[in-house]
Amino acid sequence: ITASNTAHEGFLQCFLNHTQSSNASSHLVYAPNTTAYNTVLRSSIQNIRFLYSSTTKKPVLIVTPTNESHVQASVICSRKYGLNIRVRSGGHDYEGMSYVSDHEVFIIVDLANLRSITVDAEHSIAWVQAGATLGELYYTIGVKNKTAAFTAGVCPTVGVGGHLSGGGIGTISRKYGAAADNVIDAQLVDANGSLLNRESMGEDLFWAMRGGGAASFGIVLSYKIKLAYVPPTVTAFNINRNLGQNATYLVSRWQQIAAKFDENLYMRVIAQAVDDSTTGNRTIQAVFNSLFLGTCKELVTLMETSFPELGFEAKDCSGSEMSWLESVLFFAGYSNESANILLDRRPEYNSSFKAKSDFVREPIPETEWEKIWKFLLEPEDEPLVMIMEPFGGRLSEISESAIPFPHRKGNLYIIQYFMRWFQIDPAVTKRHLDWMRKLYGFMTPYVSSHPRAAYLNYKDIDLGRTDKHTTYKDARVWGTKYFKNNFKRLAFVKATVDPGNFFRNEQSIPPLLVL
Ligand code: FDA
């Protein structure tokens, strides 16, 4: 019997005692020797890169709680038996930190069964359990009330648990802020296994878990959120331009104005190298992927003054008016499906991916864009997409220290560099990762510096890695990139609520103990 076997057997007994459930192991806990283990493990994994990596460990047990006492027992028993915990809600972590580990013996607490949503549209609030997906949340809100919405990301299978604890930005964030800005209460199980709400956890911990990454502090069971108002008719549209259609000028112009647009207008740019369908030549295609909270007629008038160069006209209105819930489907890439598809939790692609992020504070000159395009066009088979999302509006009005998500005034837009590939050959993976790092190096002169800021929800292990013994001082290398000056307060909160660093992963906040 190995040490980890002893630990996981001890855990099981302890879990049964605490939950007083005689058949807990068959319904709630999956060990590697059970047939369902692999199915449960893979159920929400988005990035399969880590499943096939020889260096990442798999969980010794997967617990799938159906009520809060199961979560409390998981914390108490794993702590007692020295097991690390990875909490998983939607499984979209870019570096797989909710389901794999470099070197810890660990269990997964998978919250997929805790996903109830209660909407009180009259008072513009909802309670949502952490295991719900954004798609389930949007569906439940949108079906109940056509003029209610929630500000969060665009991918329906993203989990509420991780997303709201890291920030959460999407199509109405310029008007309503990040998802984490709209959390007004929460239920969390701390390192002692105690169930806390906003009042009992206190304002420091409540501050930390909204943008600081809740994985460092506890297990979130549910969030109380503030809903947003949206008009019954919104306008969603794409305008595509390639290099022959003035894309370089338009992207360069977009960066100067998109953060200053009316806050009802969100226009992101998705740029990538493609084969031109008419000439067959490689070109850059820029998609201006947009949402306007209003009718198309109002939008046409707005575009004439805000961005006339894009050439948006009344004829582009055809098919672009819809409800906000339908716009969720539009941004998720669905064209003919019913809104029920938002309830489908299955991972969208069986693929590997890598992302990095940057913030742009000064517009990049048009001549420099030509150099960036050249860099993207060079390799034929690097499937890179640059997704550029405008800031400004409400995002810039909130102070940098209001919550740990610090990306506020002064940011024009965020760039997400994103690559997806389907081969599992380690050599292919290495080539893609190397090229991504080269691109990141190439972009250095154009983006924020001191610190070169990064967005926690686009987690990037290249920024730095911690282990159980990493100090606050060492972790500042990556911590200040994600959190700027909020990193120190996060480390103080960590020392207060989890001084023994029970909740830890490769990029968790280390405790900063005051002597
Ligand atoms: P997952 O379950 O993997 O958890 C992520 C992290 O949070 C892990 O560290 C985990 O331990 C922790 N965690 C999860 N649940 C917890 C809980 N209940 N309590 C404590 N800790 C918990 N972002 C964005 O802002 N806007 C967007 O539009 C998108 N779009 C998008 C598309 C796609 C395809 C992907 C893969 C990702 C995004 N994201 C995004 C990024 C997304 O917000 C980020 O990956 C979230 O952390 C995902 O949360 P999940 O719960 O799905 O992940």
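First listed ligand is number 1; within each ligand, the first listed atom is number 1.
Geometrically, K356 does not engage Y417 in a cation-pi contact, judged by NZ or CZ lying under 6.0 Å from the ring centre and within 45° of the ring axis. Judged by a 6.0 Å distance limit and a 45° cone about the ring axis, R489 is positioned over the six-membered ring of W207. Cation-pi geometry between R504 and F502 is not met at under 6.0 angstrom from the ring centre and within 45 degrees of the axis. Y440 carries R452 over the face of its six-membered ring, with the cationic atom under 6.0 Å from the centre and within 45° of the normal.
Residue contact check for ligand 1: F503 places no non-hydrogen atom closer than 4.0 Å to it. Ligand 1 lies less than 4.0 angstrom from a heavy atom belonging to Y458. Not a single heavy atom of M209 sits closer than 4.0 Å to an atom of ligand 1. By the 4.0 Å heavy-atom criterion, F353 is counted among the residues contacting ligand 1. In this structure, Q46 does not count as a contact residue of ligand 1, since none of its heavy atoms falls inside 4.0 Å of the ligand.
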**Request:** Apply side-chain hydrogen bond (donor to acceptor under 3.5 Å, both in side chains) to S173 and T151, showing your working.
**Result:** CA-CA 6 Å; S173 294; T151 172; 3.2 Å; yes
**Request:** Before giving the answer on ring pair (Phe, Tyr, Trp, His ring centres under 6.0 Å), spell out for Y266 and F292 the whole-Å C-alpha distance, their side-chain angles and the decisive distance to 0.1 Å.
**Result:** CA-CA 6 Å; Y266 162 88; F292 176 64; over 10 Å; no
**Request:** Test ring pair (Phe, Tyr, Trp, His ring centres under 6.0 Å) on F359 and Y455 and set out the steps.
**Result:** CA-CA 9 Å; F359 287 84; Y455 173 33; 7.2 Å; no
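Every atom of ligand 1 is numbered from 1 in the order shown, and the set under 4.0 Å from a heavy atom of H92 is 1 (P), 3 (O), 33 (C), 35 (C), 36 (C), 45 (O), 48 (C), 50 (P), 52 (O), 53 (O). Within the listing of ligand 1, atoms 2 (O) sit less than 4.0 angstrom from a heavy atom of R88. For ligand 1 and A214, the ligand atoms under 4.0 Å from any heavy atom of the residue are 20 (C), 21 (N). Listed by number with element, the atoms of ligand 1 under 4.0 Å from a non-hydrogen atom of L111 are 18 (N). Which parts of ligand 1 touch A130 is read off a 4.0 Å heavy-atom cut-off, strictly below it: atoms 18 (N). The atoms of ligand 1 that sit less than 4.0 Å from any heavy atom of I219 are 19 (N). For ligand 1, the atoms lying closer than 4.0 Å to a non-hydrogen atom of G218 are 19 (N), 20 (C).
Ion pairing between K409 and E397 fails under the 4.0 Å rule for side-chain N and carboxylate O. Ion pairing between a basic and an acidic side chain is recognised when a charged N comes within 4.0 Å of a carboxylate O; E104 and R86 show no such pairing. Checked for salt-bridge contact, R431 and D381 meet the test: a charged N lies under 4.0 Å from a carboxylate O. A salt bridge links D181 to R408: one of the charged nitrogens lies within less than 4.0 Å of a carboxylate oxygen. Note on K57 versus D102: no salt bridge recorded, every NZ/NE/NH1/NH2 to OD/OE distance being 4.0 Å or above.
Protein heavy atom at the shortest distance from atom 25 (O) of ligand 1 is Y455 OH, 2.6 Å. The single protein non-hydrogen atom nearest to atom 41 (C) of ligand 1 is N457 O, 3.4 Å, given as residue, atom name and distance. Closest to atom 15 (N) of ligand 1, if we only count protein heavy atoms, is S89 OG, 2.7 Å. Summary of contacts: the protein heavy atom closest to atom 37 (C) of ligand 1 is Y94 CE1, 3.1 Å. Counting protein heavy atoms only, atom 9 (O) of ligand 1 is closest to K459 NZ, 3.3 Å. Nearest protein neighbour of atom 18 (N) of ligand 1, counting heavy atoms only, is V220 O, 2.9 Å. The protein atom (non-hydrogen) at minimum distance from atom 3 (O) of ligand 1 is S98 OG, 2.6 Å. With respect to atom 7 (O) of ligand 1, the closest heavy atom belonging to the protein is G162 CA, 3.5 Å.
Taking the six-membered ring for Trp and the full ring otherwise, F487 and Y472 have centroids separated by under 6.0 Å.
With respect to D93, the salt bridge (Lys or Arg N to Asp or Glu O under 4.0 Å) criterion is satisfied by exactly one of K459, R49, R88: K459.
Considering only non-hydrogen atoms, atom 10 (C) of ligand 1 lies nearest to V87 out of D93, L221, V87. Nearest residue to atom 31 (C) of ligand 1 from I169, V158, V154 is V158 (criterion: closest heavy atom). With distances taken over non-hydrogen atoms, the option nearest atom 21 (N) of ligand 1 out of G96, P156, S44, A215 is A215. Nearest to atom 34 (C) of ligand 1 by heavy-atom distance, out of G91, G153, S165, C155, is C155. For atom 24 (C) of ligand 1, the nearest non-hydrogen atom from the set E389, Q416, H163, R420 comes from H163.
Checked by distance only, ligand 1 and G159 come closer than 3.5 Å through their nitrogen or oxygen atoms.
Remark: the Y94 side chain and the Q416 side chain contain an N/O donor-acceptor pair separated by less than 3.5 Å.
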